[in-house]
Peer 1: 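This is the structure I have questions about; it appears just below.
Residue numbers start from 1 in every chain, and the chains themselves are labelled A, B, ... in the order their sequence lines are given, proteins ahead of strands. Only heavy atoms go into these numbers, but all of them, side chains included; no hydrogens, no water, no symmetry mates.
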Protein chains: 2
Amino acid sequence: MDKNKLGGHYLEKYNEELETLRNRVLAMGGLVEAQVTDAVNALVSADVRLADQVIKNDARVNSLEVIIDEQCAEILARHQPAASDLRFIISIVKTITDLERIGDQAEKVARMAVHLAEKDRPKNQYADIQSLGERVARLVHEALDAFARMDVEVALSVAREDANVDREYESVMRQHITYMMEDPRTITRALDVIWALRALERIGDHARNMCEYVIYLVKGKDVRHVSLEEMERAARGETPGAE
Amino acid sequence: MDKNKLGGHYLEKYNEELETLRNRVLAMGGLVEAQVTDAVNALVSADVRLADQVIKNDARVNSLEVIIDEQCAEILARHQPAASDLRFIISIVKTITDLERIGDQAEKVARMAVHLAEKDRPKNQYADIQSLGERVARLVHEALDAFARMDVEVALSVAREDANVDREYESVMRQHITYMMEDPRTITRALDVIWALRALERIGDHARNMCEYVIYLVKGKDVRHVSLEEMERAARGETPGAE
């Protein structure tokens, strides 16, 4: 690797910068994960103050994306990293786009929480949203874990679990559509619930995207747009992709 | 710029590669724009065959994203481009993510077209979807135009028009919710319409994202997550961002 050609001091500084970059992504991820959890809790417990805080915090998520993007550009310009580090940085540019969009979805859930706080609550007290919300927050947590440890097995388990989340989403969604048809007076509430559910489902998709970049990084194989089975084969295969 | 230091033959090859990259992005954009137009036409004219074709074509959009990403990584590794070219390549990595997601949304509209083809048609014959659809297809076209010509004014006009699209979306959406409440038998159809409208609205957002990268490229200023007014100030300002 090119790094061996570099002087010790320069190399040290370079590695430090990569480490700072990695830590910033994890910090952004931690904030985004908290946003998801807080947004779901705000909705389930009709906590408008917490919802407002999530909405306000989204600006912090956005500015972290901008800062990390700039840092990536700087490292590319200054150090001209070779193959594997280059792949790492491109993956980060993609990862933070997904993190930022998870943040947007959390903000949407928080906005629905504000709407719903004024309305009658359903008999199940939003237990279905709580359940789906906890599952996707865990997906975000595990996607970050896969990134932090470059762990292909964790990445694969997130992709598998995202498929389960999609199924739970479909089933809960059908239920709410049935409620709506049975009692049209609940339509406006049901639509807010549907938007929140949809946002949670999309958070799962973004967590899966993040895991696809981890597999790309570790195995050199692009597993976007492939089935779960193909993804497992690619991640477990002995032959890494062509460099 | 570093390029001056390079030999003529090498420089020629490098410029060719950048030009190929740029053309591929435009080709991907052209395909995505056609997908949006076809999906909307399929829905409005209940053309299931056209809808199926859009759904099938999405795989082509996806594979273009993967190919262009790889080409970006190759150019970064081989030529280690300096500041402005580096920014160009990072913008492309982001742009194609948005193009791919516009493709996903077009596919969603096509899926709704398949559902809706079996159902009674509303009195307005989906004139509202046609109108919104034509507007967002034009936004995608203009965003690509802004990218092709690195035109900040066109980029700004897309951002402004996206704000109008959002308003039209809100108004059409409210109308469909009213229909649903007036006649609950139309709920399942209305929900398909709502998903299609939502997908169109998101296409506008992605077109706006693409224009933000153009402004970033030309002006060196990151205008994501800022208001339209701030964006205009940044794009028109005489002082480009610090390098």
Peer 1: If I measure from the heavy atoms of chain B, does Asp58(A) come under 4.5 Å with its side chain, its backbone, both, or neither?
Peer 2: neither
Peer 1: Heavy atoms only: give me the nearest Met180(A)-Ile187(B) pair and the separation to one decimal.
Peer 2: O-CD1, 3.6 Å
Peer 1: Let's go through Lys94(B) and Asp69(A) carefully: what are the C-alpha distance in whole Å and the side-chain angles of both, what is the deciding distance for side chain to side chain contact (heavy atoms under 4.5 Å, CB included) to 0.1 Å, and is it a yes or a no?
Peer 2: CA-CA 11 Å; Lys94(B) 301 250 179 200; Asp69(A) 256 346; 2.8 Å; yes
Peer 1: About how many Å separate CD1 of Ile177(A) and CG of Leu191(B), when rounded to the nearest 0.5 Å?
Peer 2: 5.0 Å
Peer 1: Are there over 12 heavy-atom neighbours, none belonging to Lys119(B), within less than 6.0 Å of that residue's NZ?
Peer 2: yes
Peer 1: What parts of residues 97-107 of chain A touch chain B if we use heavy atoms and a cut-off under 4.5 Å?
Peer 2: Thr97(A), Asp98(A), Glu100(A), Arg101(A), Gln105(A)
Peer 1: By number, which residues in residues 192-203 of chain A have some heavy atom less than 4.5 Å away from chain B?
Peer 2: Ile194(A), Trp195(A), Arg198(A), Arg202(A)
Peer 1: Please flag which part of Asp183(B) lies under 4.5 Å from any non-hydrogen atom of chain A: side chain, backbone, both or neither.
Peer 2: neither
Peer 1: Is any side-chain heavy atom of Arg224(B) closer than 4.5 Å to one of Val66(A)?
Peer 2: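 Touching, per the 4.5 Å side-chain cut-off.
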Peer 1: Given the rule in the side chain to side chain contact (heavy atoms under 4.5 Å, CB included) test, do Arg185(A) and Met181(B) qualify, once you have shown the distances and angles that lead to the verdict?
Peer 2: CA-CA 7 Å; Arg185(A) 287 167 306 171; Met181(B) 295 199 278; over 6 Å; no
Peer 1: I need the Ile90(A) CD1 to Leu76(B) CG distance, nearest 0.5 Å.
Peer 2: 5.0 Å
